[in-house]
2 protein chains.
Amino acid sequence: MQLDFKVRQNPALYLKDPESTEVGKSIVTHSIKMIYEIGYEKFTFKKVAQEIPTTEATVYRYFENKHRLLIYLIDLYWSFMEFQVMFHLNNVPTPEEKIKKIIDILVWEDNVGQIFTEFDQKSLYYIAISESSKTYLSKDVDENNKEMLFKPYKDLCASIASVFSEYNPDYPYARSLASSIIEISHFQYFFMHHLPRLCDFSKNKNPKELEAFLESVAFNSLKP
Amino acid sequence: MQLDFKVRQNPALYLKDPESTEVGKSIVTHSIKMIYEIGYEKFTFKKVAQEIPTTEATVYRYFENKHRLLIYLIDLYWSFMEFQVMFHLNNVPTPEEKIKKIIDILVWEDNVGQIFTEFDQKSLYYIAISESSKTYLSKDVDENNKEMLFKPYKDLCASIASVFSEYNPDYPYARSLASSIIEISHFQYFFMHHLPRLCDFSKNKNPKELEAFLESVAFNSLKP
DNA sequence: TCAACAATAATAGTAATACTATCAACAGCA
DNA sequence: TGCTGTTGATAGTATTACTATTATTGTTGA
C-alpha cells in the first residue's frame, strides 16, 4: 500500500492553484530543487522558468512573487511534518514515546519514508532549515499573518504542544517549548554542518546526538 | 563616570573602516536606524546615502555590499552583548546568579543602560531579532565563516557556555544550550509581538515571562 | 463545421536594485 | 608651485522583479 501526501493550501498563497495543472506542479517541484541548490536569495522566477522550461510570466501567473512562493513551499513542509506526526503517533501509547517520536521526525536522517510526495522530501527539509524563518522575519509578518499564511506552522506547533501538555498538564510553556524545539532542531542542524563552534555535535555530525539534546531539553523542561 | 563601548571589528567586514571618518560613522548609525524602520529587504545603499546625505558610491567605498554591512551591524550587536555580559558578571559570586543575569541581558527591557554607544541600542536589538539569522542563513556561510565573520557570535556563545559548564561541569551540551538560549530569546520575543500562537507570552507581552521561560529551560537542562 | 469567445502562454517592455567605472576636488607634502 | 593620493560625485551597466500587450489554443454554441 502506498500513502500519498496531498494538502489543500491556503488560496491566498497563489494566484492560480499550481496543483491544478502540470506546469503548476512543475513550478513547485523545480522551485524546491532550485532553492535547495542555489538558495532563496539567488533564486529567481526567470531561472525556474528556464529550467522547466516555461516563461517567467507563466510563473507570475501562479505566484504573486517569490516570497509568496517561499511561504507556499514552507507551508507545504509544515503540513507534511504535521501529517507525519499524526501518522506516526497513531497507536503510540505513552506521551513519553510520542515526544521521542516527534523529535525523531523533526530531525532528518536518511530513513526511508513510507509516505509518497511529488516533491523531494530531503530538499524540502534543507530548504526549511535555511529558509523557513525568512517567511516570517519580514516587515510584512503582521499582514501575512492576518491572511493566515502561517497557519500550518501554528497547527504543527499546537499539535506538539498538546502532547507536551499530555505529558505534564501543569507545564505553563507548552507552545513556547514546541516552537523552540522546532526552531532548535533546524538551526542546530545547520550549525552542526556550517558553524560547528555554536554546537556540540560537529565532531561526529550525527543527527542522533542532536536528537538526544532535543530530548534532554524537552524532558528536563517538562519534568513535573 | 561614563562607560564607552567601542569594538575593533574584523577588517574583512569593510573596505574602509567606517570608524575612521564621520561619514563612515554616519553610515553605521543611519543604517541601524533605517534597517530598524524599513527592514533589511527594503533597505538599500541609495536610500541610506540620501538620508545621510552622501552618495551611493561613498557607501560602497566603505562596504562591499549590504550583506557585509548587515554582518558588520550584527557583529556589533554580538560584541556589545558580550561586553555587557563581561561587565555585569563582574563580582557576581555564583554561576546561578550569573545565568540569571545573562538571561536578563539577552531579553530587552526599557532599562537605562549605563553603557554609552554611538548607535541606538534598542534599534540594534530589534535588528538583531529580525535580521541576525540572515547573516548566516545564506549560501555564503562557509566562505564567510572562513573569514571569521561570525567570531563575535561564537565568542558570546563560548562565554555563556563557560558559565553553564561552571554551573554543571558534567553537562555535555553547553555550547548548543548557549546558542539555543540566544536564538530562543530572539524568536520568542518576535513571536510574542507578531505570532502570538507560537508562544505563551502574548497575553501580557511581558519580557519577564520570557525570561522565566528561558531560565526554566536553562536550569532544568543543566540540573545535575 | 466553424466563428466567437475565453483562457493561457509568449513577447516585450519598465522601474528599481546592486553594483562599477570614471571623473573631479582638495589636502598634504616636496 | 606642482605632484600625488585619497575622497566624494557622476554616470553608467547588468540583473531583478514585475507589468502590459500580443499571440495561441481550446471550447462552445449556431
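Proteins get letters first, then strands, A, B, ... in listed order; numbering begins at 1 in each. Excluded from the calculations below are hydrogen atoms, water molecules and symmetry mates; all remaining heavy atoms, backbone and side chain alike, are included.
First and last contacting nucleotides of DNA chain C toward chain B (any atom under 4.0 angstrom from a heavy atom, 5' to 3' order): C/dT17 to C/dA21.
When rounded to the nearest whole Å, the span between NZ of B/Lys66 and C1' of D/dT16 equals 12 Å. Here the C1' atom of nucleotide D/dC18 and the NE2 atom of A/His67 are 17 Å apart, to the nearest Å. Going from atom CZ of B/Arg61 over to atom P of D/dG8 covers 7 Å, rounded to whole Å.
For the pair A/Lys6 and A/Glu118, the salt-bridge criterion is met [side-chain N within less than 4.0 Å of a carboxylate O].
Judged by distance alone, the side chains of B/Ser179 and A/Gln188 do bring a donor and an acceptor atom under 3.5 Å apart. Side-chain contact of B/Thr135 with B/Tyr153: a donor-acceptor pair under 3.5 Å is absent, judged by distance alone.
In this structure, the ring-ring contact (aromatic ring centres under 6.0 Å, His included) partners of A/Tyr125, at least two apart in sequence or on a different chain, are A/Trp108, A/Tyr189. For B/Glu209, the side chain to side chain contact (heavy atoms under 4.5 Å, CB included) criterion is met by B/Phe201, B/Asn204, B/Asn206, not counting sequence neighbours. For the side chain to side chain contact (heavy atoms under 4.5 Å, CB included) test, residues two or more places apart in sequence or in another chain that qualify with A/Glu22 are A/Lys25. Applying the side chain to side chain donor-acceptor pair (under 3.5 Å) criterion to B/Lys16, with sequence neighbours excluded, gives no partner residue.
OP1 or OP2 of D/dG8 lies within a sub-4.0 Å distance of a side-chain N or O belonging to B/Tyr62.
A heavy atom closer than 4.0 Å to some atom of DNA chain C occurs in A/Val23, A/Thr54, A/Thr55, A/Ala57, A/Thr58, these being the qualifying members of residues 21-59 of chain A.
Counting heavy atoms from C-beta outward, A/Glu51 and A/Lys33 have side chains that approach closer than 4.5 Å.
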